Each structure stands twice: as C-alpha cells, then as structure tokens.
There are 2 protein chains.
Amino acid sequence: MSTANITVRERIRKHFTALTKSERKFAAYLLEEYPSAGLASITVVAKQADVSTPTVARMVQKLGFKGFPQFHQALLTELQAKVQGPAERRANWASEAPEGHLLNRFTQAITRNLEQTLANVDTAQFDAAAAQLADISGRLYLVGGRITRALADYAFTHFQAVRPRITHMTSSSASWPHYVLDMAAGDTLLLFDVRRYEANLQRLAELAAARGVRIVLITDQWLSPVAEVADYSFSCWVEIPSAWDSNISTMMLLEALIAAVEERNWDETQGRYERLEQLFEATRLFQKPVRQ
Amino acid sequence: MSTANITVRERIRKHFTALTKSERKFAAYLLEEYPSAGLASITVVAKQADVSTPTVARMVQKLGFKGFPQFHQALLTELQAKVQGPAERRANWASEAPEGHLLNRFTQAITRNLEQTLANVDTAQFDAAAAQLADISGRLYLVGGRITRALADYAFTHFQAVRPRITHMTSSSASWPHYVLDMAAGDTLLLFDVRRYEANLQRLAELAAARGVRIVLITDQWLSPVAEVADYSFSCWVEIPSAWDSNISTMMLLEALIAAVEERNWDETQGRYERLEQLFEATRLFQKPVRQ
DNA sequence: GTATGCGTGAAAATTTCTTTCCATATGCGC
DNA sequence: GCGCATATGGAAAGAAATTTTCACGCATAC
C-alpha cells in the first residue's frame, strides 16, 4: 500500500531517468494528454504514441505496475477521485455526536440518499412535471399509499396554498372509483408509491391514464410498476440502516416540485397567500408569529 | 450523433421500465456508484453486481449500445468530460442541472438547513428523548398542527410498527379534551409545532404537562411557545427561498428519533415487523416487493 | 572492422474478455 | 394446477486484448 497512493505522473517523474528513448516518447505523450491518453487499450495507446505495444508494456512494469491492466486501473482510479472532488464527505454533520452515534450514521445515509436522488433527477423532466402540476386548467389529484399517504397529505396542504382545483384522494381505496369517474383529459394525478408497492395504486393509475389523465409519479429507486403508465417518474433513494425506508429524499423532491410550481404561478400564488393570511387572521386560529 | 450526447444515466432512466429484475439490479448498482462501478470489465462488473455477464451484456444493448465495450467507452468519455469541464462543479448534487436552476438553489438551502439542524441537536437530549419515546410502560400520543399534521401522521404509521400503545390525536382540536382525560403520568406526548404556532397546541401541551405527561417537542428554529412546558425540544431549520417553510429537516429529526426508538427496542420491534409482514401477506393488500 | 549489448517491434502465444447458445428456473395467465 | 412465456446464468465459442518470445538494428568498445 505504500506505493499505492502516488499518482502515475509522479511515478513517471521518479523513473524517468531509467526510461529508454521510446519509453520516454510514450511518457511524454501521456503527460501531454494526461490521463486520457492512457485510458484506451494498450494497442491503441501505443499506436497513438507511435511506439510498439511491448515498449508500453515494459515501461508500465518499470513504473511498478504488474501489467498494463493495473496501470490502466490506476489511471482510472485517479480520474474517479478527481471527480469525487475534495474527499470531505460531510461525514460529521452532527458535530457533537460521537463517531458511531446513531445520529451520525443516520445522517450519512440521508446525505447519500439526497445526493443520489438529485443526481438522478432529469432536469427537463422535472421542469415538465412542474409545468404539468402548475396547470390549473385541469384538476390536480393527489394520492399516496400506506406510508406515503402522509406525504400526499403534506402535498395537499401546500398545493392548496399554491393553486386551486386540488383533490386529495383519501387512502380508503374503496372511494377511488368515484374520483376516477370525474377525472378528465387534462387533469393531473400526483401519485406516491414506494415499496411495498400497492396493487390498488397501480389499478388507479391505469384507470386514470385510460381517461387521459397525466400522471406524475414519485417513487423509490426500485421504481413502482406505476412507472409504466406515468408520464413523469422520479426515483428517490430511500435506504437507511433500518427495517423501514426513509422518505426524506421523497419529501425533498416533493417540496422542490411545490417550490417550482409556486415559482411558475407566482403572480397568482402571491394573491392566494395574502388571502390565506387574512383568513387565518379572521379565524384567530393561529397566534401571531414570533418573528418575521 | 443524435443519441451520442445523452449520458448513460439518462439512458438508464429512459429504459428503466423495459429492464428486467436482474438488469435493474445491475442498473441500481451502477447508479449507486456511478460511473466507476461500470468501468471494470464486464466479468468483474457483473460479479460485483451479483448478476451474470449475459445479463449485463443484454442490458447494455437495451440501453442502445452495440456491446459492452461501447458502453464502457461511453462511461469513460463522460468521466473525462466531467474532469475537463468547469473545474469544481459541486460534487454530485443535481449534477446535470444548470447552475441557477431551482433544483440547485433549493438543494443548497436544504443542505444548509440539515447542517444547522444537526449541529444544534444535543446528543444527550436526543438519546433521552428517544428513551422517553421508547418507553412502552406509558402511552404515546402524537399530535401536529395545520402543516405538521402530515408529519404526525407519518410518525404514527412508523411508530405503530415499532411499539404498541400509540394514539394519533387527529387535527380536530375539538376532540383533544377527550384524549387529555385519559392521559396519565408516565405517558408521552410527541408534539409538532412550527410557525405559525397554534394556540390550541399550546393549551393542549399545558393540560398534558399538568397531568404529568412528558412532552417531546419538534419545532422550528424560532421555537414554539410549547417549549416552555416541553421536557425535550428540538429545533429544526426550515427556511427556504419560498413563501412557506421546508419540513425536510423536521422530517429528518423525526425519522432519526424513530430509528433510535427502533434500535432501542429492537428485540421487541423485530417481532412486530415479522407479524406485520405476515399480516400484509394475509391481506394481500400489497404486491411482492421488487427486490430484497 | 568486428564483437558485444541493449533497445526495439513484428509476430506468436497466452490470457482475458465478450458474446452466443442453451438448459433451467421462475412467474403468470388460464 | 398446468402450460406458456419470459428471464436467468452456466458454459462454450469467438474475439480481443496483453504478454512473451525472438530476431533484427544500431550504437559503442576494443
């Protein structure tokens, strides 16, 4: 492991004096276009540097590699490390917590889930889905499963403030057919389905799709079968060291969508917030905010 | 050339529904550690993803590559482009999103909120609160406000799997007195209150406290007045560039608490999960999970 | 001028990787 | 419960890569 951490570049510098003329030719070529010049097969690389394959093979051995594949792998690892960026993975968020504390382990898993989820969002699809959700010419239906019912509820509360014409389909699937009856082309169905995927939701999605309803699906990384009929699907990474799945990334995607819809309909949304504020005031349901 | 510019990640997204179970397994593995997981030889890659080489070969063809080498090359090119590109693109956060895209702005705010929230958790208090929530000698009551009702609902669903003796107090505050009537010393009340703080919740908390109920409060950074009577309070950072507050950090704290309770009561919890599983099986409410 | 030794690359030998074929397993509809 | 369709991985064939061998060229020393 002692020599494992030095870069190929450093190895070349270190052994340069021991290299022969052709080998130096190849070394120069590699450094010229580092490290991409070394990423093809030995045959291709050798040809491009205008030396023979044995020359390259001998040289990488001089550099301390067992063979060309090992050399190739080393370059790859370097490149990968570069992309990963500063290795300061936010490991210690819960700064006060001891190393192995649950909070830290949990945080690490969550961070990774959020990263993965975001990396896998197709921006164009996100924008299109936001536009669909913002389209108030049709109704917006919300529905979730056993676990995600709470998310659908949360979505309902927020979308209510952002746009009119919303229906929260209760989790009692017996009543779903009644809702489907009123669905029409141009309507939107925002559907949550994480494992274990529920057959009822799939049937609902199929019925809705058949009526020309656009479906936005928020699911997990293993993709609910509803994705088959959904117009827009988003995968959220949900694994945590636990018997159940985390829905933090799911929630994040939901909030991001709400924010996007809000931004899109801002002119109208603003007015709604003001009216909502006045209504709260009128009903005296809520106390004055502490700040702001 | 028309299809040359889309990333492998996008290809996977696009074709995911057409993939079989094993192929998805490989796809998931690749996305998990992208793109390095796909850079070894097909044999190695397949073995690490625990699928057969033919599966991988078939899949890359489905993605539109002629063969594995072409797929391999595409990943390599992506990686190179990434390195060549704008020097320090921030890690993997929504890597495909343009700089000023809402997704990126949103993510930044969320990251900050999570950091702040975690930095402000007192580990000892967290552990103590978890112990309180895990104490099944008393009842556990759950309640939330207008917005946080959804979180209380989510908490209810999960705590149900983890421990017995739970009561979800519905948001209709008219019925709260009935619940209070049955509260006794040794019971626990998990209460969510974020701005705008609700007078009803405060009164409920006072009544419960008077009856000797231990109160765990999850609130925002400005602290609900309920904190006065709560035994344990946690502040979650909730500000995002939007007219409303984000509850992602709130959700995170909640999930962390659930995880902590689960870990604490694991012996009993495990049995509950198994029974739950059997009940699901019996009611046939749910489809078979895709994986695991 | 000849002999010696090192560097070099063509080509063979070998290893490794990729693809194809096929038997088995698995799930699904009837 | 049966038969069909599809998915899966073992194994072999085929392809490509890497390594080794070896003969030649070239420089240097005597």
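Given the structure is predicted, the values throughout are model-derived calculations rather than measurements. Lettering follows sequence order; numbering is per chain, from 1. Values reported hereafter were calculated over all heavy atoms of this structure, with side chains retained and with hydrogens, waters and symmetry mates removed.
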* To do: Could you check whether Thr55(A) gets within reach of a base, just the sugar-phosphate, or nothing at all, counting any heavy atom under 4.0 Å?
  => sugar-phosphate
Grab the N/O contacts between the protein and nucleotides 25-29 of chain D below 3.5 Å, and write none if there aren't any.
none

* Structure fact -> To the nearest 10 degrees, the angle between the two end axes of the helix from dG1(C)-dC30(D) to dC30(C)-dG1(D) (five pairs per end) comes to 10°
Show which side-chain atoms of residues 225-237 of chain A pair as donor or acceptor with protein atoms under 3.5 Å away, not counting sequence neighbours.
unit_1, atom_1, unit_2, atom_2, d
Asp231(A), OD1, Arg214(A), NH1, 2.9
Asp231(A), OD2, Ile215(A), N, 2.8
Trp237(A), NE1, Glu32(B), OE1, 3.1

* Asked: Tell me: NZ of Lys47(B) to C1' of dT16(C), nearest whole Å?
  -> 13 Å
* Rounded to whole angstroms, how far apart are CG on Leu39(A) and P on dA17(D)? -> 15 Å
Do any N or O atoms of the protein come closer than 3.5 Å to N or O atoms of nucleotides 10-15 of chain D, and which pairs are they?
none

* Asked: For Ser41(B), which residues count as a side-chain contact (heavy atoms from CB on, under 4.5 Å) partner, sequence neighbours excluded?
  -> Thr43(B), Val44(B)
* **Polar side-chain atom of Gln116(A) near backbone of Leu31(B) as donor-acceptor pair, under 3.5 Å** => yes
* Asked: Between Arg203(A) and Glu198(A), is the closest basic N to carboxylate O distance under 4.0 Å?
  -> no
* Stepwise side-chain contact (heavy atoms from CB on, under 4.5 Å) test for Val121(A) and Leu103(B) -> CA-CA 9 Å; Val121(A) 171; Leu103(B) 261 181; 3.6 Å; yes
* Which residues within residues 15-29 of chain A lie with some heavy atom under 4.0 Å of an atom in DNA chain C? -> Thr20(A), Lys21(A), Ser22(A)
* To do: Return the set of residues passing side-chain contact (heavy atoms from CB on, under 4.5 Å) with Gln70(B) (not counting sequence neighbours), or none when no residue passes.
  => Phe65(B), Lys66(B)
* Asked: What residues in residues 60-70 of chain B put a non-hydrogen atom under 4.0 Å from any atom of DNA chain D?
  -> none
* **Partner residues of Asp245(A) under the side-chain hydrogen bond (donor to acceptor under 3.5 Å, both in side chains) criterion, sequence neighbours left out** => Arg195(A)
* side-chain contact (heavy atoms from CB on, under 4.5 Å) partners of Thr77(B), counting only residues at least two apart -> Gln73(B)
* Structure fact -> Taken to the nearest whole Å, CG/Asp50(A) to P/dT8(C) is 12 Å
* d(CD1, Ile42(A); P, dA17(D)) in whole Å -> 11 Å
* Structure fact -> Sorted by chain and number, sequence neighbours left out, ring pair (Phe, Tyr, Trp, His ring centres under 6.0 Å) with Phe16(B) holds for none
* **Side-chain touch Tyr141(A)/Leu191(A), heavy atoms, less than 4.5 angstrom** => no
* Whether over 12 other heavy atoms sit under 6.0 Å from Lys62(A) NZ -> yes
* With a 4.5 Å heavy-atom cut-off, do Thr188(A) and Val216(A) have their side chains touching? -> yes
* Asked: Does Tyr34(B) reach the side chain of Val8(B), with side-chain heavy atoms less than 4.5 Å apart?
  -> yes
* Can you tell which of Asp153(B), Val261(B), Ile258(B) makes a side chain to side chain contact (heavy atoms under 4.5 Å, CB included) with His158(B)? -> Ile258(B)
* Close side-chain approach of Leu39(A) to Leu79(A), heavy-atom, < 4.5 Å -> yes
* Got a sec, which residues hit side-chain contact (heavy atoms from CB on, under 4.5 Å) with Ala155(B), two or more places apart in sequence or on another chain? -> Leu142(B), Phe159(B), Phe192(B), Leu254(B)
* To do: Let me know the distance between CD of Gln73(B) and P of dT18(C), rounded to the nearest Å.
  => 13 Å
